[in-house]
Amino acid sequence: MVTGTTGQTDLHAFANEVDQFLSRTLPRPEVAVGSRDDESDVIEVHGLERRPEPDAAAAVVAAAAWQALRFDADLGWITGPRRYGGRELPPEFERLYVERESAYDVPDVTPLNVGIKMLSAAILGHGGEHLRQTVLPALHRGDLIGCQLFSEPDAGSDLSAVRSSATLHEGTWELVGEKVWTSKAQFSDLGLCIARTAVAQDPHVGLTMFLVDMHAPGVEIRPLRQMNGHASFNHVLLDGVRVPDAHRLGDVGEGWAVVRTTLMSERAGVGKGAKDPAGHALDRMLELVPRLGLGGDSLVRQELADLYSRVRIAEFASQRSQVAPGPAGSINKLFRSRNLQRASTLAGKMLGPRVVASGGVDAMWGDLILCAPGVRLGGGTDEIQLNVLAERVLGLPRDPPIIDGK
Ligand SMILES: Cc1cc2nc3c(=O)[nH]c(=O)nc-3n(C[C@H](O)[C@H](O)[C@H](O)COP(=O)(O)OP(=O)(O)OC[C@H]3O[C@@H](n4cnc5c(N)ncnc54)[C@H](O)[C@@H]3O)c2cc1C
């Protein structure tokens with residue numbers, strides 16, 4: 001470990017350590033501007049798979065292998081507690097790592113995000129000591145992959161409407177129900193699952209959170225195909241799945257507190273990263289301008305400049321709010337998902353029919369146009385983020401519940 005004169009790791013020494021690790025470990029040199037392989041360069045869209053299925057499985061393996069290298073170099077969980085495999089450094093060290101790593105061509109670790117960000121936050125905040133000691137290092141090393149079993153056919157924005165149930169039989173819970181839109185369930189080892197354990201007048205009471213073994217008998221995973229043709233979602237059926245009580249997170253009936261911890265971490269996670277994904281899209285759109293002869297098109301110029309300013313604002317806002325996940329994470333999520341939608345709409349206008357007719361690299365834009373709306377839904381829709389901000393930041397009265405569809 002690199003330490004400064006105070007005995008603590010200092011940022012400068014850490015930067016050297018990171019640079020050495022990256023230059024020593026990565027098989028490929030830094031990506032030089034203009035040297036990209038256009039066919040393989042896709043714009044990263046949170047949570048949505050754009051690769052053919054065999055490639056998606058290979059991407060998970062590559063992500064886990066890269067994460068293991070990072071973890072073994074003590075760079076896998078920079079802000080996490082030491083006793084659970086973290087480095088226990090302040091958030092600016094993580095920001096520095098992300099920034100340095102972004103200059104290299106590294107495997108995309110998105111497939112591990114649900115485990116590393118959401119399951120980890122839930123276990124750290126609400127799990128027993130044994131779970132923390134065993135599961136947290138494994139998630140952060142990429143040895144275990146996690147998914148989030150929250151949404152159901154009749155419970156999305158209003159998660160308190162979940163109908164999956166859990167009943168206790170001699171120290172073991174039995175789960176029955178169905179979950180939907182579960183990203184990466186097909187690759188997962190563990191699922192964070194909210195289920196009803198009691199009926200109460202307030203639907204937020206009587207829910208309990210569990211960590212489900214996705215390979216256990218009674219778990220059935222069926223792929224769901226999204227509109228870009230790939231299947232990153234799943235329908236997960238739970239038919240008498242047995243879960244030991246030690247894999248319960250939080251108190252019985254108090255699962256809503258765990259849901260809140262997890263969702264706050266998810267929303268903050270969408271807004272993290274050195275660069276707004278719409279910024280990657282913008283870089284590629286600037287390459288399109290000369291190719292399509294649009295440099296003199298005043299509307300395109302204005303919209304590109306507008307997008308640039310929105311991307312920069314999103315990046316500044318996310319840098320400022322990375323100190324701790326909280327309701328303001330909703331701002332990051334709103335900024336980034338709206339920017340991506342704006343970028344994809346503008347790319348569609350610039351390319352016109354080429355988006356569907358040309359194939360090759362132009363098809364990437366069609367894919368982005370089909371993926372971007374989903375980013376405004378996953379992790380809580382735009383309207384739900386606005387409700388969070390209205391209630392928890394602005395102190396406005398709670399959103400009135402929708403009763404009988406009225
Ligand atoms: C990319 C992606 C990844 C996802 N991954 C997962 C996953 O891994 N695990 C998981 O459990 N789920 C996942 N989901 C599901 C996601 O959490 C839900 O789609 C989301 O919570 C919305 O729920 P819903 O689809 O049932 O829409 P609904 O809740 O039915 O909402 C329909 C519309 O009504 C609006 N609305 C609802 N309530 C209100 C309100 N109170 N005020 C104002 N407007 C309202 C919504 O904004 C939306 O426009 C994912 C979704 C996407 C798109």
Side-chain angles (χ1 to χ4, degrees), residues 44-50 56 110-119 121-122 145-164 177-188 190-195 203-204 207 209-210 212 214 221-228 230-238 255 258-260 262-267 269-270 277 330 333-334 336-338 340-341 344 367-368 370-392 396-406:
E44 290 311 328
V45 179
H46 173 75
L48 283 174
E49 198 57 68
R50 297 163 317 287
T110 313
L112 312 180
N113 274 352
V114 174
I116 286 182
K117 294 185 175 145
M118 291 163 243
L119 269 67
I145 303 208
C147 64
Q148 186 190 38
L149 298 164
F150 281 15
S151 305
E152 295 186 1
D154 292 315
S157 299
D158 181 11
L159 255 187
S160 69
V162 293
R163 291 190 188 162
S164 292
E178 59 176 314
K179 297 288 176 178
V180 77
W181 315 127
T182 318
S183 310
K184 304 283 186 292
Q186 71 273 43
F187 304 119
S188 291
L190 289 174
L192 183 67
C193 180
I194 186 77
H204 300 91
L207 297 166
M209 190 71 84
F210 300 94
V212 174
M214 294 299 287
I221 300 167
R222 296 180 185 164
L224 287 172
R225 211 154 283 282
Q226 67 250 14
M227 65 179 166
N228 70 350
H230 302 312
S232 48
F233 293 131
N234 298 275
H235 191 179
V236 178
L237 304 174
L238 306 167
V258 194
V259 167
R260 286 182 62 164
T262 313
L263 292 183
M264 275 206 277
S265 168
E266 178 171 16
R267 284 160 199 170
V270 176
S330 292
K333 200 204 162 231
L334 275 171
R336 291 197 172 203
S337 52
R338 287 176 171 182
L340 199 66
Q341 178 95 62
S344 67
D367 211 34
L368 184 70
L370 295 178
C371 284
V375 179
R376 298 180 69 175
L377 305 174
T381 64
D382 284 5
E383 289 75 20
I384 295 305
Q385 307 306 327
L386 292 170
N387 272 344
V388 169
L389 291 171
E391 290 169 20
R392 293 199 218 141
L396 295 172
R398 279 189 71 84
D399 186 35
I402 299 167
I403 301 164
D404 295 337
K406 289 178 202 147

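Just so it is clear, the model here is predicted, and its values are computed rather than measured. Atoms within each ligand, like the ligands themselves, are counted from 1 in listed order. In this chain, numbering begins with 1 at the start of the sequence shown.
Atom OG of residue S160 and atom CG of residue L207 lie 7.0 Å apart, to the nearest 0.5 angstrom.
By the salt bridge (Lys or Arg N to Asp or Glu O under 4.0 Å) test, E391 pairs with R398, sequence neighbours left out. Annotation: salt bridge (Lys or Arg N to Asp or Glu O under 4.0 Å) contacts of E178 (sequence neighbours excluded): none.
Side-chain contact between S157 and E383: absent, with no pair of heavy atoms (C-beta onward) separated by less than 4.5 Å.
Contacts between T381 and ligand 1 below 4.0 angstrom, taking non-hydrogen atoms only, involve the side chain exclusively. Heavy atoms of N387 found under 4.0 angstrom from ligand 1 belong exclusively to the side chain.
Across P277 and R336, no two heavy atoms sit closer than the pair CD-NH1, 3.9 Å.
Side chain of Q148 to main chain of M118: no donor-acceptor pair is present (N/O by atom type, distance under 3.5 Å, no hydrogens or angles).
The shortest N or O to N or O distance between F150 and ligand 1 is under 3.5 Å. Between D158 and ligand 1, no N or O atom pair is found at a separation short of 3.5 Å.
Contact atoms of ligand 1 toward L377: 20 (C), 53 (C) (distance under 4.0 Å to a heavy atom of the residue).
Scanning G146, P153, S151 for the heavy atom closest to atom 12 (N) of ligand 1 points to S151. By heavy-atom distance, the residue among E152, M118, E383, R376 lying nearest atom 43 (C) of ligand 1 is E383.
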